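Below is one structure, written out as structure tokens; the observations come after it.
Proteins get letters first, then strands, A, B, ... in listed order; numbering begins at 1 in each. Predicted model only: the values in this text are computed from it and were never measured.
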Number of protein chains: 2
Amino acid sequence: MKRDYLGEFEHIVLLALLRLDKQAYGMRIRQEIEQRTGRSVAIGAVYATLDRMEAKGYVSSRLGEPTAERGGRAKRFFRIEAEGAEALKRSEEALSRMRLGVRVTRGMA
Amino acid sequence: MKRDYLGEFEHIVLLALLRLDKQAYGMRIRQEIEQRTGRSVAIGAVYATLDRMEAKGYVSSRLGEPTAERGGRAKRFFRIEAEGAEALKRSEEALSRMRLGVRVTRGMA
DNA sequence: TCATTTATTCTACATTGTAGAAATATGAAG
DNA sequence: CTTCATATTTCTACAATGTAGAATAAATGA
């Protein structure tokens with residue numbers, strides 16, 4: 001039952017990675033999503049999603065230098081991999097084609 | 001754990017409803033999604049998703065006239081309800097805000 | 001060493017996604 | 001009226017994704 005496109009939250013997390021670029025680590029990703037979308041995000045949800053996408057090869061991670069400025073554990077930075085970018089593209093294109101010609105944000109009913 | 005936005009497939013199905021308008025019944029919805037997105041869709045997936053969204057008040061359904069032209073069971077037509085339209089709008093807007101300023105379909109890596 | 005801070009990891013469960021066989025309802029043919 | 005072919009929905013079971021929050025870890029400075 002291997003899927004080749006993204007779930008809703010996976011989609012949002014990948015967009016956050018692109019958006020944050022080198023700054024993409026768990027806590028920051030969560031903050032970015034909360035600020036942009038206005039919805040609250042459990043930190044566990046972010047990591048679970050990232051871990052699963054890493055297992056699929058969609059993202060990779062590396063530990064940052066332990067040079068935090070005011071204490072605290074080292075950051076784990078994530079970046080999108082080619083397969084993740086492709087899945088993102090597929091999902092974006094599928095939605096885009098479904099949306100073609102329909103008014104989605106005005107007088108939908 | 002009540003969600004106020006859509007899963008990926010729910011999202012696509014709602015877009016299909018808008019797109020098909022009065023023609024929106026299970027088999028046709030499936031066909032529309034397959035044609036637009038290029039992915040194959042199990043008919044059970046369509047109904048399960050529609051049934052769950054109906055339970056949430058996102059869509060409603062009514063049975064069509066049993067006046068099929070070449071035999072076959074009556075169609076069950078679906079339409080999007082106000083709450084579904086709102087959820088769709090929220091999902092679209094969340095994605096849209098996450099996408100703002102990032103190149104999603106070109107040179108993403 | 002302890003308190004504080006920042007961040008990740010873990011565990012458990014809810015919701016959504018998926019597949020395909022089974023069932024239902026019709027019209028047409030015999 | 002019985003059977004066949006067709007169109008469509010319904011059902012069942014399981015896999016994948018989403019979510020929550022407590023627990024744990026690692027670093028700093030007093």
Original post:
Just how far, in rounded Å, is C1' of C/dT18 from CG of A/Asp4?
Top reply: 13 Å
Original post:
Do other residues, nucleotides or ligands put more than 12 heavy atoms under 6.0 Å from B/Glu34 CD?
Top reply: yes
Original post:
Under 4.0 Å: is that the gap between some side-chain N or O of B/Lys56 and OP1 or OP2 of C/dT15?
Top reply: no
**OP:** Using a 4.5 Å cut-off on heavy atoms from C-beta on, say whether the side chain of B/Leu50 contacts that of B/Arg76.
**Re:** no
Original post:
So do B/Tyr5 and A/Thr37 actually touch side chain to side chain, heavy atoms under 4.5 Å?
Top reply: no
**OP:** Give me the residues of residues 6-14 of chain B where at least one heavy atom lies under 4.0 Å from an atom of DNA chain C, by number, or none.
**Re:** B/Gly7, B/Glu8, B/Phe9, B/Glu10
Original post:
Does the side chain of B/Leu6 reach to within under 4.5 Å of the side chain of B/Tyr58, using non-hydrogen atoms?
Top reply: yes
**OP:** Name all pairs fulfilling the ring pair (Phe, Tyr, Trp, His ring centres under 6.0 Å) condition that reach into residues 17-41 of chain A, sequence neighbours left out, sorted by first residue then second.
**Re:** A/Tyr25-A/Phe77
**OP:** Keeping to residues at least two apart or across chains, list the side chain to side chain donor-acceptor pair (under 3.5 Å) pairs with something in residues 10-20 of chain B.
**Re:** B/Glu10-B/Lys56, B/His11-B/Glu92
Original post:
Just how far, in rounded Å, is P of C/dT18 from CZ of B/Arg52?
Top reply: 11 Å
Below 3.5 Å is the cut-off: list the nitrogen or oxygen pairs between protein and nucleotides 9-11 of chain C, distance only.
residue : atom : partner : partner atom : Å
C/dT9   : OP2  : A/Arg76 : NH1          : 2.6

**OP:** Answer whether the closest heavy-atom distance between the side chains of A/Leu100 and B/Arg36 falls below 4.5 Å.
**Re:** yes
Original post:
Would the number of heavy atoms belonging to other residues, nucleotides or ligands and lying under 6.0 Å from CZ of B/Arg79 be above 12?
Top reply: no
Subject >> Any B/Arg3 side-chain nitrogen or oxygen under 4.0 Å from OP1 or OP2 of D/dT19 >> reply: yes
Subject >> Heavy-atom donor-acceptor pair, B/Arg30 side chain to B/Val46 backbone, under 3.5 Å >> reply: no
Original post:
Looking at residues 19-33 of chain A, who's got a heavy atom less than 4.0 Å off DNA chain C?
Top reply: A/Tyr25, A/Gly26, A/Met27
Subject >> Rounded distance in Å - CD (B/Glu54) to C1' (C/dT16) >> reply: 17 Å
Original post:
Do A/Leu88 and A/Leu15 touch side chain to side chain, with heavy atoms closer than 4.5 Å?
Top reply: yes
**OP:** Check whether any side-chain nitrogen or oxygen of A/Tyr5 sits under 4.0 Å from OP1 or OP2 of D/dT17, and answer yes or no.
**Re:** no
**OP:** Taking salt bridge (charged side-chain N to carboxylate O under 4.0 Å, His left out) as the test, write out the residues that go with B/Arg39, two or more places apart.
**Re:** B/Glu8
